[in-house]
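Atom set for the values below is all heavy atoms of this structure, side chains included, hydrogens, waters and symmetry mates excluded. The residues of the chain are indexed from 1 along the displayed sequence.
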Amino acid sequence: MRFELRSVSVHFDNMPALNNISCSLTNPSATIITGPSGAGKTTLLRLLYADILPTKGSVFINGQNSAVISVKQKRSLLRNMGVIFQDSTLIEICTAVENIQYPLIINKVAAGERNKQSLSVLSSLGISHLRDKFPKQLSGGEKHLVALARAIVHKPQIVIADEPTGNLDEKTSIAVASTLKSLSDEGTTIILSTHSTELLSYFTYAEKLYLSDGKIVHHSVGSGRSLLL
Ligand code: ADP
């Protein structure tokens, strides 16, 4: 999947969260967005899955301008994506396994296959024992793993993760980082924001964007190459 931002600004309440940025994300394996809190990382990720539109400029997702994408095209785009946030919420009245099956139901996967895929992802994350628990019975870290399972169960082409190891204990962070790394090794494109040097160390080959005050101050496309800004 290709992403291109052309002279993009995003304003919230007339304050710029992103300020006239242009870039193409070209690395099919992984892109990592770093920078201090408030730099605009979440805002940039939200543009990439057309959750928000730029105030100025254009975002192209696979060559399509996100401002003119139809509802049908957006649905099809989201089917190929898995999105996970630090505060991703689960459906309270559904068990872990039912939550994980949600994207498969949307993708009209048959019940038998849904069971197979959701149990397989639970097992690969080492949380099979949580399958019948409701969100209120899970710790914060366990909920996060279930949310990650839900984001990846339908084998999306691309996973977008906003600070996926923020606020997690070390064991859960490692489970999340190694899962994302394995997905990248298997050909899934990973785009994530993080403050964690530990998580960065899993993706040495990634394209990296460093944001500060809504601007890209450094952009390396991976394998040590930097772009002039
Ligand atoms: P980061 O992810 O790097 O911490 P964000 O993209 O969340 O940064 O935020 C960038 C700036 O935009 C911050 O000043 C933040 O307060 C502001 N901002 C982000 N989202 C909103 C919103 N929905 N409403 C108002 N201001 C927002």
Side-chain angles (χ1 to χ4, degrees), residues 1-3 25 28 30-31 42-53 59-138 140-164 172 175-176 179-180 182-184 186-193:
M1 217 172 246
R2 290 170 291 117
F3 297 93
L25 302 184
T31 298
T42 302
T43 306
L44 175 52
L45 291 178
R46 292 181 68 196
L47 288 169
L48 300 183
Y49 62 97
D51 186 38
I52 54 170
L53 294 174
V59 175
F60 292 89
I61 304 170
N62 273 346
Q64 283 181 320
N65 187 332
S66 66
V68 294
I69 212 163
S70 69
V71 174
K72 199 170 156 206
Q73 284 169 323
K74 187 167 170 185
R75 236 182 255 141
S76 136
L77 174 76
L78 292 176
R79 265 192 218 119
N80 290 316
M81 288 186 173
V83 179
I84 176 161
F85 285 97
Q86 256 177 287
D87 59 354
S88 285
T89 47
L90 300 173
I91 304 166
E92 289 293 327
I93 55 164
C94 294
T95 61
V97 74
E98 288 165 352
N99 267 283
I100 293 166
Q101 289 192 8
Y102 188 71
L104 301 175
I105 292 170
I106 304 242
N107 284 356
K108 299 190 169 66
V109 175
E113 191 56 27
R114 281 205 307 265
N115 273 330
K116 204 169 121 201
Q117 291 185 21
S118 53
L119 295 182
S120 155
V121 76
L122 276 164
S123 161
S124 69
L125 281 166
I127 53 168
S128 298
H129 57 291
L130 303 179
R131 54 169 287 174
D132 295 322
K133 299 224 185 230
F134 288 92
K136 65 174 183 294
Q137 299 172 300
L138 302 173
E142 287 170 341
K143 277 189 210 166
H144 194 76
L145 288 177
V146 173
L148 174 61
R150 181 181 59 186
I152 64 177
V153 70
H154 56 304
K155 300 189 173 51
Q157 285 173 18
I158 176 162
V159 172
I160 295 181
D162 194 9
E163 305 213 19
T172 315
V176 170
T179 301
L180 293 173
S182 310
L183 288 170
S184 156
E186 288 160 15
T188 308
T189 303
I190 305 291
I191 301 184
L192 57 86
S193 74

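Without hydrogens or angle criteria, Glu98 side chain to Thr95 main chain gives a donor-acceptor distance under 3.5 Å. Side-chain atoms of His154 come within 3.5 Å of backbone atoms of Met81 as a donor-acceptor pair (strictly under, hydrogens ignored). A donor-acceptor pair under 3.5 Å is formed between the side chain of Thr179 and the backbone N or O of Ala175.
Paired with Ile84 under the rule side chain to side chain contact (heavy atoms under 4.5 Å, CB included), one option of Glu163, Arg150, His144 passes, and it is His144.
Across all their heavy atoms, Ser123 and Ser128 have their closest contact at CA-OG, 3.3 Å. Heavy-atom minimum distance, Pro156 versus Ala151: CG-O, 3.5 Å. When all heavy atoms of Gln73 and Val68 are compared, the pair lying nearest together is OE1-O, 4.3 Å. The two residues Val109 and Arg114 have their closest heavy-atom pair at O-NH1, 3.0 Å. For the residue pair Ala161 and Leu45, the shortest heavy atom distance occurs at O-CD1, 3.8 Å. Across Phe3 and Leu48, no two heavy atoms sit closer than the pair CE2-O, 3.2 Å.
Environment of CZ in Arg75: sparse, with no more than 12 heavy atoms of neighbouring residues, nucleotides or ligands closer than 6.0 Å. Within 6.0 Å of atom OH in Tyr102, 12 or fewer heavy atoms from other residues, nucleotides or ligands are found, so the atom counts as exposed in its surroundings.
Note: Ile100 CD1 to Ile127 CD1 = 5.5 Å, rounded to the nearest 0.5 Å. In this structure, CD1 on Ile91 lies 5.0 Å from CG on Asn99, to the nearest 0.5 angstrom. Considering CG of Leu180 and CD1 of Ile190, their distance stands at 5.0 Å, rounded to 0.5 Å. In this structure, CE on Met1 lies 5.5 Å from CD1 on Ile158, to the nearest 0.5 angstrom. Atom NZ of Lys143 sits about 12.0 Å away from atom CG of Leu130, to the nearest 0.5 Å. Note that CZ of Phe85 is 8.0 Å distant from OG of Ser193, once rounded to the nearest 0.5 Å.
Shown here are the side chain to side chain contact (heavy atoms under 4.5 Å, CB included) partners of Thr89, two or more places apart in sequence or in another chain: there are none.
You'll find the side chain of Lys74 reaches within 4.5 Å of the side chain of Leu78, heavy atoms only. When side chains are defined from C-beta on, Leu183 does not count as touching Lys155, because their heavy atoms never get closer than 4.5 Å.
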